[in-house]
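Just so it is clear, the values below take in all heavy atoms, side chains as well, and ignore hydrogens, waters and symmetry mates.
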Amino acid sequence: MNIYAVIIVSALAGGYLLELISDILNIRSLKPDLPGDFKDIYDADSYLKSQQYTRANTRFGLLSNSFDLAVLVVFWFAGGFNYIDLIVRSPGYNTVWTGLLFIGLLMLFKTVLSLPFSIYSTFVIEERFGFNKTTAATFTGDLLKGVLLTLILGAPLMGLVIWFFEAAGHLAWLYCWVTVTLFMLFIQFIAPAWIMPLFNRFKPLDEGELKDAIMDYARSVDFPLKNLFVIDGSKRSSKSNAFFTGFGRNKRIALFDTLIDGHSTSELVAILAHEIGHYKKRHILQSMIIGILHMGLMLFLLSVFVGNEGLFDAFYMDNASVYAALVFFGILFSPVEIILSVLMNLLSRKNEYEADRFAVHTTGGKEDMVSGLKKLSVHNLSNLTPHPFYVFLNYSHPPLIERIRAIRSVSEV
(Lines give C-alpha, C1' and ligand atoms only; values in the text may rest on other atoms or scores of the structure.)
Protein backbone atom coordinates (compact mmCIF):
# COMPACT_ATOMS: atom_id res chain seq x y z
CA MET A 1 0.00 0.00 0.00
CA ASN A 2 1.20 3.50 -0.79
CA ILE A 3 0.81 6.51 1.49
CA TYR A 4 -2.65 7.37 0.14
CA ALA A 5 -3.93 3.87 0.82
CA VAL A 6 -2.48 3.99 4.34
CA ILE A 7 -4.17 7.35 5.03
CA ILE A 8 -7.53 6.17 3.70
CA VAL A 9 -7.47 2.83 5.52
CA SER A 10 -6.45 4.59 8.74
CA ALA A 11 -9.23 7.15 8.32
CA LEU A 12 -11.86 4.50 7.62
CA ALA A 13 -10.72 2.39 10.57
CA GLY A 14 -10.52 5.45 12.84
CA GLY A 15 -13.99 6.64 11.89
CA TYR A 16 -15.42 3.17 12.43
CA LEU A 17 -13.70 2.89 15.81
CA LEU A 18 -15.04 6.28 16.93
CA GLU A 19 -18.59 5.27 16.02
CA LEU A 20 -18.17 1.89 17.72
CA ILE A 21 -16.94 3.50 20.96
CA SER A 22 -19.72 6.11 20.91
CA ASP A 23 -22.35 3.41 20.29
CA ILE A 24 -21.10 1.28 23.18
CA LEU A 25 -21.00 4.28 25.51
CA ASN A 26 -24.48 5.31 24.40
CA ILE A 27 -25.93 1.89 25.14
CA ARG A 28 -24.24 1.81 28.54
CA SER A 29 -25.61 5.26 29.37
CA LEU A 30 -29.20 4.01 29.22
CA LYS A 31 -30.55 4.28 32.75
CA PRO A 32 -33.38 2.14 34.15
CA ASP A 33 -34.75 4.99 36.25
CA LEU A 34 -36.96 7.52 34.49
CA PRO A 35 -35.61 11.12 34.83
CA GLY A 36 -37.77 12.94 37.36
CA ASP A 37 -38.79 15.72 35.00
CA PHE A 38 -40.56 13.22 32.73
CA LYS A 39 -42.65 11.33 35.27
CA ASP A 40 -45.65 13.47 34.35
CA ILE A 41 -45.68 12.22 30.76
CA TYR A 42 -43.81 8.89 30.55
CA ASP A 43 -45.05 5.64 32.04
CA ALA A 44 -42.73 2.75 32.83
CA ASP A 45 -43.67 0.77 29.71
CA SER A 46 -43.11 3.72 27.34
CA TYR A 47 -39.76 4.52 28.89
CA LEU A 48 -38.64 0.88 28.63
CA LYS A 49 -39.80 0.84 25.01
CA SER A 50 -37.73 3.95 24.21
CA GLN A 51 -34.62 2.24 25.59
CA GLN A 52 -35.33 -0.92 23.61
CA TYR A 53 -35.73 1.20 20.48
CA THR A 54 -32.36 2.87 21.08
CA ARG A 55 -30.68 -0.51 21.57
CA ALA A 56 -32.28 -2.00 18.46
CA ASN A 57 -31.30 0.91 16.23
CA THR A 58 -27.77 1.11 17.64
CA ARG A 59 -27.09 -2.58 17.13
CA PHE A 60 -28.58 -2.53 13.66
CA GLY A 61 -26.56 0.58 12.77
CA LEU A 62 -23.39 -1.14 13.94
CA LEU A 63 -24.19 -4.18 11.78
CA SER A 64 -24.93 -1.99 8.75
CA ASN A 65 -21.76 0.10 9.18
CA SER A 66 -19.63 -3.04 9.62
CA PHE A 67 -21.07 -4.54 6.46
CA ASP A 68 -20.51 -1.35 4.45
CA LEU A 69 -16.90 -1.08 5.60
CA ALA A 70 -16.19 -4.75 4.88
CA VAL A 71 -17.69 -4.53 1.37
CA LEU A 72 -15.70 -1.38 0.57
CA VAL A 73 -12.41 -2.89 1.72
CA VAL A 74 -12.96 -6.21 -0.10
CA PHE A 75 -14.14 -4.47 -3.27
CA TRP A 76 -11.18 -2.07 -3.14
CA PHE A 77 -8.41 -4.60 -2.54
CA ALA A 78 -9.91 -7.09 -4.99
CA GLY A 79 -9.47 -4.47 -7.73
CA GLY A 80 -13.19 -3.80 -8.07
CA PHE A 81 -12.81 -0.14 -9.03
CA ASN A 82 -10.43 -0.98 -11.85
CA TYR A 83 -12.71 -3.81 -13.02
CA ILE A 84 -15.71 -1.45 -13.27
CA ASP A 85 -13.54 1.13 -15.03
CA LEU A 86 -12.45 -1.38 -17.68
CA ILE A 87 -16.08 -2.35 -18.29
CA VAL A 88 -17.29 1.22 -18.82
CA ARG A 89 -14.30 2.07 -21.03
CA SER A 90 -14.87 -0.86 -23.38
CA PRO A 91 -17.70 0.72 -25.49
CA GLY A 92 -15.44 3.69 -26.29
CA TYR A 93 -17.78 6.50 -25.18
CA ASN A 94 -16.45 9.97 -24.45
CA THR A 95 -15.14 10.80 -20.98
CA VAL A 96 -18.36 12.30 -19.67
CA TRP A 97 -20.54 9.33 -20.60
CA THR A 98 -17.89 6.90 -19.40
CA GLY A 99 -17.67 8.75 -16.10
CA LEU A 100 -21.44 8.76 -15.63
CA LEU A 101 -21.51 5.02 -16.27
CA PHE A 102 -18.67 4.43 -13.80
CA ILE A 103 -20.30 6.46 -11.02
CA GLY A 104 -23.77 5.13 -11.89
CA LEU A 105 -22.68 1.49 -11.64
CA LEU A 106 -21.01 2.13 -8.28
CA MET A 107 -24.18 3.85 -7.00
CA LEU A 108 -26.32 0.97 -8.29
CA PHE A 109 -24.04 -1.55 -6.58
CA LYS A 110 -24.25 0.35 -3.30
CA THR A 111 -28.04 0.74 -3.56
CA VAL A 112 -28.60 -2.95 -4.19
CA LEU A 113 -26.38 -3.94 -1.26
CA SER A 114 -28.03 -1.46 1.12
CA LEU A 115 -31.59 -2.35 0.07
CA PRO A 116 -31.99 -5.33 2.47
CA PHE A 117 -30.88 -3.14 5.38
CA SER A 118 -33.36 -0.43 4.42
CA ILE A 119 -36.15 -2.98 4.12
CA TYR A 120 -35.31 -4.51 7.50
CA SER A 121 -35.13 -1.12 9.21
CA THR A 122 -38.50 -0.05 7.80
CA PHE A 123 -40.52 -3.23 7.90
CA VAL A 124 -39.00 -4.98 10.94
CA ILE A 125 -37.54 -2.48 13.43
CA GLU A 126 -39.92 0.42 12.77
CA GLU A 127 -42.82 -2.03 12.54
CA ARG A 128 -41.89 -3.70 15.83
CA PHE A 129 -42.01 -0.37 17.67
CA GLY A 130 -45.24 0.77 16.06
CA PHE A 131 -43.86 3.47 13.77
CA ASN A 132 -44.03 2.01 10.29
CA LYS A 133 -46.96 2.98 8.07
CA THR A 134 -45.09 2.47 4.80
CA THR A 135 -46.55 -0.04 2.37
CA ALA A 136 -44.49 -2.06 -0.07
CA ALA A 137 -45.92 0.08 -2.89
CA THR A 138 -44.92 3.34 -1.17
CA PHE A 139 -41.43 2.01 -0.38
CA THR A 140 -40.90 0.90 -3.99
CA GLY A 141 -42.32 4.15 -5.34
CA ASP A 142 -39.99 6.23 -3.15
CA LEU A 143 -37.02 4.20 -4.35
CA LEU A 144 -37.93 4.60 -8.03
CA LYS A 145 -38.63 8.32 -7.65
CA GLY A 146 -35.25 8.78 -5.97
CA VAL A 147 -33.51 7.00 -8.86
CA LEU A 148 -35.43 9.08 -11.40
CA LEU A 149 -34.51 12.36 -9.68
CA THR A 150 -30.87 11.27 -9.60
CA LEU A 151 -30.96 10.64 -13.35
CA ILE A 152 -32.79 13.88 -14.17
CA LEU A 153 -31.00 16.26 -11.81
CA GLY A 154 -27.84 14.57 -10.54
CA ALA A 155 -26.49 13.06 -13.75
CA PRO A 156 -26.37 16.31 -15.77
CA LEU A 157 -24.65 18.10 -12.88
CA MET A 158 -22.09 15.33 -12.50
CA GLY A 159 -21.53 15.36 -16.26
CA LEU A 160 -20.82 19.11 -16.14
CA VAL A 161 -18.34 18.67 -13.29
CA ILE A 162 -16.47 15.98 -15.23
CA TRP A 163 -16.48 18.11 -18.38
CA PHE A 164 -15.17 21.20 -16.56
CA PHE A 165 -12.27 19.28 -15.03
CA GLU A 166 -11.48 17.79 -18.43
CA ALA A 167 -11.67 21.02 -20.45
CA ALA A 168 -11.36 24.11 -18.25
CA GLY A 169 -7.79 23.86 -16.99
CA HIS A 170 -6.60 25.08 -13.59
CA LEU A 171 -9.78 27.15 -12.98
CA ALA A 172 -12.05 24.15 -13.45
CA TRP A 173 -12.77 23.94 -9.73
CA LEU A 174 -14.00 27.55 -9.76
CA TYR A 175 -16.35 27.01 -12.70
CA CYS A 176 -17.63 23.86 -10.98
CA TRP A 177 -18.15 25.76 -7.72
CA VAL A 178 -20.25 28.43 -9.44
CA THR A 179 -22.27 25.79 -11.30
CA VAL A 180 -22.88 23.63 -8.23
CA THR A 181 -23.81 26.68 -6.13
CA LEU A 182 -26.41 27.79 -8.70
CA PHE A 183 -27.72 24.23 -8.79
CA MET A 184 -28.00 24.10 -4.97
CA LEU A 185 -29.92 27.39 -4.92
CA PHE A 186 -32.17 26.19 -7.74
CA ILE A 187 -32.99 22.99 -5.86
CA GLN A 188 -33.67 24.93 -2.66
CA PHE A 189 -36.09 27.12 -4.60
CA ILE A 190 -37.99 24.41 -6.47
CA ALA A 191 -37.90 21.61 -3.87
CA PRO A 192 -40.92 22.75 -1.79
CA ALA A 193 -43.19 23.17 -4.81
CA TRP A 194 -41.92 20.51 -7.21
CA ILE A 195 -39.78 17.83 -5.57
CA MET A 196 -41.16 17.29 -2.06
CA PRO A 197 -44.76 16.87 -3.32
CA LEU A 198 -43.54 13.88 -5.34
CA PHE A 199 -43.14 12.05 -2.03
CA ASN A 200 -45.73 13.65 0.26
CA ARG A 201 -49.02 15.45 -0.09
CA PHE A 202 -48.98 19.05 1.14
CA LYS A 203 -52.44 20.23 2.13
CA PRO A 204 -53.08 23.83 3.22
CA LEU A 205 -53.91 23.98 6.92
CA ASP A 206 -57.66 24.20 7.43
CA GLU A 207 -59.25 27.38 8.68
CA GLY A 208 -59.85 27.36 12.41
CA GLU A 209 -58.34 27.96 15.82
CA LEU A 210 -54.91 26.51 15.01
CA LYS A 211 -54.41 28.45 11.78
CA ASP A 212 -55.64 31.68 13.37
CA ALA A 213 -53.25 31.25 16.30
CA ILE A 214 -50.28 30.54 14.02
CA MET A 215 -51.06 33.44 11.67
CA ASP A 216 -51.51 35.81 14.60
CA TYR A 217 -48.14 34.76 15.98
CA ALA A 218 -46.45 35.13 12.56
CA ARG A 219 -47.77 38.68 12.26
CA SER A 220 -46.57 39.50 15.77
CA VAL A 221 -42.96 38.67 14.80
CA ASP A 222 -43.22 40.23 11.33
CA PHE A 223 -42.88 36.91 9.54
CA PRO A 224 -44.70 36.93 6.16
CA LEU A 225 -46.30 33.50 6.35
CA LYS A 226 -48.45 32.47 3.39
CA ASN A 227 -47.58 28.83 2.82
CA LEU A 228 -48.67 26.85 5.88
CA PHE A 229 -49.22 23.19 5.14
CA VAL A 230 -50.04 19.86 6.70
CA ILE A 231 -47.89 17.02 5.36
CA ASP A 232 -49.16 13.44 5.32
CA GLY A 233 -46.28 12.08 7.39
CA SER A 234 -48.58 9.30 8.63
CA LYS A 235 -48.30 7.81 5.12
CA ARG A 236 -44.87 6.48 6.10
CA SER A 237 -44.46 6.75 9.86
CA SER A 238 -46.35 7.63 13.02
CA LYS A 239 -43.43 9.83 14.13
CA SER A 240 -44.04 13.58 14.45
CA ASN A 241 -42.14 16.56 13.13
CA ALA A 242 -42.34 20.07 11.69
CA PHE A 243 -39.97 21.87 9.37
CA PHE A 244 -39.23 25.04 7.46
CA THR A 245 -38.00 24.80 3.88
CA GLY A 246 -37.36 26.87 0.78
CA PHE A 247 -36.87 30.60 0.37
CA GLY A 248 -38.47 33.51 -1.45
CA ARG A 249 -42.07 32.99 -2.46
CA ASN A 250 -41.59 29.22 -2.26
CA LYS A 251 -40.69 29.07 1.43
CA ARG A 252 -43.14 27.11 3.53
CA ILE A 253 -43.72 25.65 6.97
CA ALA A 254 -45.05 22.13 7.14
CA LEU A 255 -46.61 20.34 10.10
CA PHE A 256 -46.85 16.58 10.11
CA ASP A 257 -50.43 15.41 10.52
CA THR A 258 -49.20 13.20 13.37
CA LEU A 259 -47.85 16.31 15.13
CA ILE A 260 -51.20 18.10 14.97
CA ASP A 261 -53.04 15.08 16.34
CA GLY A 262 -50.86 14.86 19.44
CA HIS A 263 -50.43 18.48 20.53
CA SER A 264 -52.49 21.40 21.76
CA THR A 265 -52.77 24.67 19.83
CA SER A 266 -50.45 26.54 22.20
CA GLU A 267 -47.84 23.76 22.00
CA LEU A 268 -47.98 23.82 18.20
CA VAL A 269 -47.56 27.59 18.14
CA ALA A 270 -44.48 27.22 20.39
CA ILE A 271 -43.03 24.55 18.08
CA LEU A 272 -43.70 26.75 15.02
CA ALA A 273 -42.14 29.71 16.86
CA HIS A 274 -38.96 27.64 17.14
CA GLU A 275 -38.96 26.96 13.39
CA ILE A 276 -39.57 30.63 12.60
CA GLY A 277 -36.75 31.43 15.03
CA HIS A 278 -34.34 29.58 12.75
CA TYR A 279 -35.39 31.87 9.90
CA LYS A 280 -35.34 35.09 11.92
CA LYS A 281 -31.92 34.27 13.39
CA ARG A 282 -30.66 33.56 9.86
CA HIS A 283 -29.68 30.01 10.66
CA ILE A 284 -31.02 28.82 7.31
CA LEU A 285 -28.95 31.40 5.42
CA GLN A 286 -25.96 30.52 7.59
CA SER A 287 -26.32 26.83 6.76
CA MET A 288 -26.61 27.60 3.06
CA ILE A 289 -23.46 29.75 3.07
CA ILE A 290 -21.51 27.10 4.97
CA GLY A 291 -22.68 24.48 2.49
CA ILE A 292 -21.50 26.61 -0.42
CA LEU A 293 -18.09 27.25 1.19
CA HIS A 294 -17.77 23.56 2.01
CA MET A 295 -18.41 22.65 -1.61
CA GLY A 296 -15.84 25.20 -2.77
CA LEU A 297 -13.21 23.74 -0.43
CA MET A 298 -13.90 20.21 -1.66
CA LEU A 299 -13.71 21.19 -5.32
CA PHE A 300 -10.47 23.12 -4.81
CA LEU A 301 -8.84 20.20 -3.00
CA LEU A 302 -10.14 17.87 -5.70
CA SER A 303 -8.33 19.99 -8.29
CA VAL A 304 -5.11 19.36 -6.36
CA PHE A 305 -5.54 15.58 -6.34
CA VAL A 306 -7.33 14.98 -9.63
CA GLY A 307 -4.18 14.10 -11.55
CA ASN A 308 -2.23 12.52 -8.71
CA GLU A 309 -0.91 9.12 -9.81
CA GLY A 310 -0.44 7.95 -6.23
CA LEU A 311 -4.17 8.23 -5.58
CA PHE A 312 -4.98 6.00 -8.56
CA ASP A 313 -2.23 3.54 -7.64
CA ALA A 314 -3.77 3.25 -4.17
CA PHE A 315 -6.95 1.90 -5.80
CA TYR A 316 -5.10 -0.35 -8.28
CA MET A 317 -6.30 1.60 -11.32
CA ASP A 318 -4.75 1.00 -14.74
CA ASN A 319 -5.94 4.40 -15.99
CA ALA A 320 -6.30 7.82 -14.40
CA SER A 321 -9.53 9.76 -14.93
CA VAL A 322 -11.46 12.69 -13.56
CA TYR A 323 -14.52 10.61 -12.75
CA ALA A 324 -12.54 8.04 -10.74
CA ALA A 325 -10.76 10.88 -8.94
CA LEU A 326 -14.16 12.21 -7.83
CA VAL A 327 -14.91 8.88 -6.15
CA PHE A 328 -11.46 8.34 -4.65
CA PHE A 329 -11.15 11.89 -3.39
CA GLY A 330 -14.52 11.50 -1.65
CA ILE A 331 -13.07 8.53 0.26
CA LEU A 332 -9.77 10.32 0.93
CA PHE A 333 -11.66 13.36 2.25
CA SER A 334 -13.54 11.27 4.83
CA PRO A 335 -11.39 12.24 7.88
CA VAL A 336 -11.92 15.92 7.08
CA GLU A 337 -15.65 15.26 6.73
CA ILE A 338 -15.73 13.71 10.20
CA ILE A 339 -14.17 16.84 11.68
CA LEU A 340 -16.47 19.13 9.70
CA SER A 341 -19.50 17.08 10.76
CA VAL A 342 -18.60 17.45 14.44
CA LEU A 343 -18.16 21.20 14.01
CA MET A 344 -21.44 21.52 12.11
CA ASN A 345 -23.28 19.58 14.82
CA LEU A 346 -21.77 21.88 17.44
CA LEU A 347 -23.04 24.91 15.51
CA SER A 348 -26.42 23.28 14.95
CA ARG A 349 -26.89 22.61 18.67
CA LYS A 350 -26.03 26.25 19.39
CA ASN A 351 -28.61 27.33 16.82
CA GLU A 352 -31.26 25.09 18.40
CA TYR A 353 -30.75 26.82 21.74
CA GLU A 354 -31.06 30.21 20.01
CA ALA A 355 -34.29 29.19 18.26
CA ASP A 356 -35.69 27.97 21.59
CA ARG A 357 -34.88 31.29 23.23
CA PHE A 358 -36.53 33.13 20.34
CA ALA A 359 -39.67 31.03 20.81
CA VAL A 360 -39.78 31.73 24.54
CA HIS A 361 -39.25 35.48 24.09
CA THR A 362 -41.85 35.86 21.34
CA THR A 363 -44.57 33.59 22.72
CA GLY A 364 -44.18 34.84 26.28
CA GLY A 365 -44.05 31.39 27.86
CA LYS A 366 -41.88 28.36 28.45
CA GLU A 367 -44.12 25.49 29.49
CA ASP A 368 -45.90 25.14 26.15
CA MET A 369 -42.55 24.59 24.47
CA VAL A 370 -41.42 22.21 27.22
CA SER A 371 -44.63 20.15 27.15
CA GLY A 372 -44.55 20.06 23.33
CA LEU A 373 -40.98 18.75 23.32
CA LYS A 374 -41.81 16.18 26.00
CA LYS A 375 -44.72 14.86 23.97
CA LEU A 376 -42.51 14.63 20.90
CA SER A 377 -39.95 12.63 22.87
CA VAL A 378 -42.58 10.15 24.03
CA HIS A 379 -44.18 9.85 20.62
CA ASN A 380 -40.82 9.34 18.85
CA LEU A 381 -39.30 7.15 21.61
CA SER A 382 -36.32 9.49 21.97
CA ASN A 383 -33.32 8.54 24.08
CA LEU A 384 -33.48 10.74 27.18
CA THR A 385 -29.98 9.92 28.44
CA PRO A 386 -27.54 9.86 25.48
CA HIS A 387 -23.86 9.68 26.31
CA PRO A 388 -22.02 13.03 25.90
CA PHE A 389 -19.49 11.52 23.48
CA TYR A 390 -22.30 10.17 21.30
CA VAL A 391 -23.94 13.60 21.38
CA PHE A 392 -20.63 15.23 20.45
CA LEU A 393 -20.24 13.04 17.38
CA ASN A 394 -23.81 12.64 16.17
CA TYR A 395 -26.39 15.04 17.61
CA SER A 396 -27.52 18.05 15.61
CA HIS A 397 -29.94 18.90 18.45
CA PRO A 398 -29.14 19.19 22.16
CA PRO A 399 -30.23 16.26 24.36
CA LEU A 400 -33.80 16.89 25.47
CA ILE A 401 -33.07 17.19 29.20
CA GLU A 402 -30.41 19.85 28.55
CA ARG A 403 -32.70 21.61 26.11
CA ILE A 404 -35.54 21.81 28.62
CA ARG A 405 -33.18 23.02 31.33
CA ALA A 406 -31.98 25.79 28.99
CA ILE A 407 -35.55 26.80 28.08
CA ARG A 408 -36.54 27.13 31.71
CA SER A 409 -33.48 29.26 32.41
CA VAL A 410 -34.45 31.83 29.76
CA SER A 411 -35.68 35.13 31.15
CA GLU A 412 -39.00 36.04 29.52
CA VAL A 413 -39.22 39.48 27.93
Can you check side chain to side chain contact (heavy atoms under 4.5 Å, CB included) on Phe256 and Asn200, steps first, answer last? CA-CA 10 Å; Phe256 279 44; Asn200 287 96; over 6 Å; no

Test item: Ser303 and Leu299 side chains (from C-beta on) under 4.5 Å apart, heavy atoms: no

Do you know the tightest heavy-atom contact between Gly130 and Ser238? O-OG, 3.2 Å

Would you say that Asn65 contacts Leu20 through its side chain, given a criterion of any heavy-atom pair below 4.5 Å between the two side chains? no

Is it the case that over 12 heavy atoms from other parts of the model lie below 6.0 angstrom from the CZ atom of Arg408? yes

Rounded distance [0.5 Å steps], CE in Met295 versus OG1 in Thr179: 12.0 Å

Evaluate whether atom NZ of Lys110 has more than 12 neighbouring non-hydrogen atoms of other residues, nucleotides or ligands under 6.0 angstrom away. no

Are there more than 12 heavy atoms of other residues, nucleotides or ligands under 6.0 Å from atom CZ of Phe77? yes

Note: Pro398 and Tyr353 closest approach over all heavy atoms is CB-OH, 3.3 Å

Measure up the Tyr120 and Phe60 rings against each other and bin them: parallel (under 30°), tilted (30 to 60°), perpendicular (over 60°). parallel

Mind checking whether His278 and His274 have parallel, tilted or perpendicular rings, split at 30° and 60°? perpendicular

Looking at every heavy atom in both Arg128 and Ala56, which two are closest together, and how far apart are they? NH1-CB, 4.0 Å

Would Lys49 and Phe129 count as a cation-pi pair here, with the cationic atom under 6.0 angstrom from the ring centre and within 45° of the axis? no

Gap separating the CG atom of Leu12 from the CD1 atom of Ile338, nearest 0.5 angstrom: 8.0 Å

Sequence-distant partners of Lys211, salt bridge (charged side-chain N to carboxylate O under 4.0 Å, His left out), two or more places apart: Glu207

Within the supplied structure, the quantity of interest is the number of heavy atoms (other residues, nucleotides, ligands) at a distance under 6.0 Å from Glu309 CD; does it exceed 12? no

Given the side-chain rings of Phe328 and Tyr4, with only the six-membered ring counted for Trp, is the space between their centroids under 6.0 Å? no

Any side-chain heavy atom of Ile162 sitting closer than 4.5 Å to one from Thr98? no

Working for side chain to side chain contact (heavy atoms under 4.5 Å, CB included), residues Leu272 and Phe223: CA-CA 12 Å; Leu272 262 294; Phe223 181 78; over 6 Å; no

Note, Leu376 side chain near His263 side chain (heavy atom, < 4.5 Å): yes

Which of His361, Lys366, Arg403 passes side-chain hydrogen bond (donor to acceptor under 3.5 Å, both in side chains) with Asp356? Answer is Arg403

Assess whether a salt bridge exists between Asp37 and Arg405, defined as any Lys/Arg side-chain N lying under 4.0 Å from an Asp/Glu carboxylate O. no

Which is it for Phe38 and Tyr47 under the ring-ring contact (aromatic ring centres under 6.0 Å, His included) test, yes or no, and what are the steps along the way? CA-CA 10 Å; Phe38 289 83; Tyr47 183 58; 8.6 Å; no

Kindly write out the residues that satisfy salt bridge (charged side-chain N to carboxylate O under 4.0 Å, His left out) with Glu126, not counting sequence neighbours, or none if the list is empty. Lys239

Could I get the full list of side chain to side chain donor-acceptor pair (under 3.5 Å) partners for Asp313, not counting sequence neighbours? none

Between the side chains of Tyr217 and Thr362, does any donor sit under 3.5 Å from an acceptor? yes

Decide whether His283 and Glu352 meet the rule of one side-chain donor and one side-chain acceptor closer than 3.5 Å. no

Value for CG (Leu297) from CG (Leu302), rounded to nearest 0.5 Å, stands at 11.0 Å

So, for Ala359 and Met369, which heavy atoms are closest and what is the spacing to 0.1 Å? CB-CE, 3.5 Å

Flag the pair Leu384 / Ser50 as yes when at least one side-chain heavy-atom distance between them is below 4.5 Å, and no otherwise. no

Within the structure provided, determine whether Lys374 and Val370 are in side-chain contact (heavy-atom separation under 4.5 Å). yes

Please test Leu86 against Asn319 for side chain to side chain contact (heavy atoms under 4.5 Å, CB included), starting from the C-alpha separation and ending with a verdict. CA-CA 9 Å; Leu86 294 177; Asn319 303 285; 4.3 Å; yes

What I'd like to find out is whether the side chain of Val327 reaches to under 4.5 Å of the side chain of Ile103, using heavy atoms alone. yes

Is there side-chain contact between Val147 and Thr111, with heavy atoms separated by less than 4.5 Å? no

Between Phe315 and Trp76 (judged by ring centroids, cut-off 6.0 Å), do the two rings come close enough to count as a pair? yes

For the residue pair Ser234 / Asp257, report whether a side-chain donor-acceptor contact shorter than 3.5 Å exists. yes

Does Tyr175 have more than 12 heavy atoms from other residues, nucleotides or ligands lying within 6.0 Å of its OH? no

Keeping Tyr42 on the side-chain end and Pro35 on the backbone end, is there a donor-acceptor pair under 3.5 Å? no

Trace of the side chain to side chain contact (heavy atoms under 4.5 Å, CB included) decision for Asn394 with Ser22: CA-CA 9 Å; Asn394 299 290; Ser22 71; 3.9 Å; yes

Tyr279 OH to Ile276 CD1 distance, which is reported to the nearest 0.5 Å: 10.5 Å

Contact summary for Ala314 and Asn2, nearest pair of heavy atoms: CB-OD1, 3.3 Å

Quick check: are there more than 12 heavy atoms from other residues, nucleotides or ligands sitting under 6.0 Å from NZ of Lys280? yes

Take atom CZ in Arg201; do more than 12 heavy atoms of anything else shown fall under 6.0 Å from it? no

Taken to the nearest 0.5 Å, the spacing of Ile27 CD1 from Asn57 CG works out to 9.5 Å

Apply ring-ring contact (aromatic ring centres under 6.0 Å, His included) to Tyr83 and list each qualifying residue two or more places apart in sequence or on a separate chain. none

From NE2 (His397) to CG (Asn351), nearest 0.5 Å: 10.0 Å

Check salt bridge (charged side-chain N to carboxylate O under 4.0 Å, His left out) between Glu337 and all other residues, then give those that pass, not counting sequence neighbours. none

On a heavy-atom basis, the closest approach of Phe123 and Thr135 is CZ-O, 3.9 Å

The ring-ring contact (aromatic ring centres under 6.0 Å, His included) partner of Tyr323 among Phe165, Phe102, Phe81, Trp163 is Phe102

Considering residues, nucleotides and ligands other than Asp318, do more than 12 of their heavy atoms fall under 6.0 Å from its CG? yes

Between Tyr395 and Ser348: side-chain donor-acceptor atoms closer than 3.5 Å: no

Asp142: salt bridge (charged side-chain N to carboxylate O under 4.0 Å, His left out) partners, not counting sequence neighbours: Arg236

Whether Phe300 and Trp173 hold their rings parallel, tilted or perpendicular, with breakpoints at 30° and 60°: perpendicular

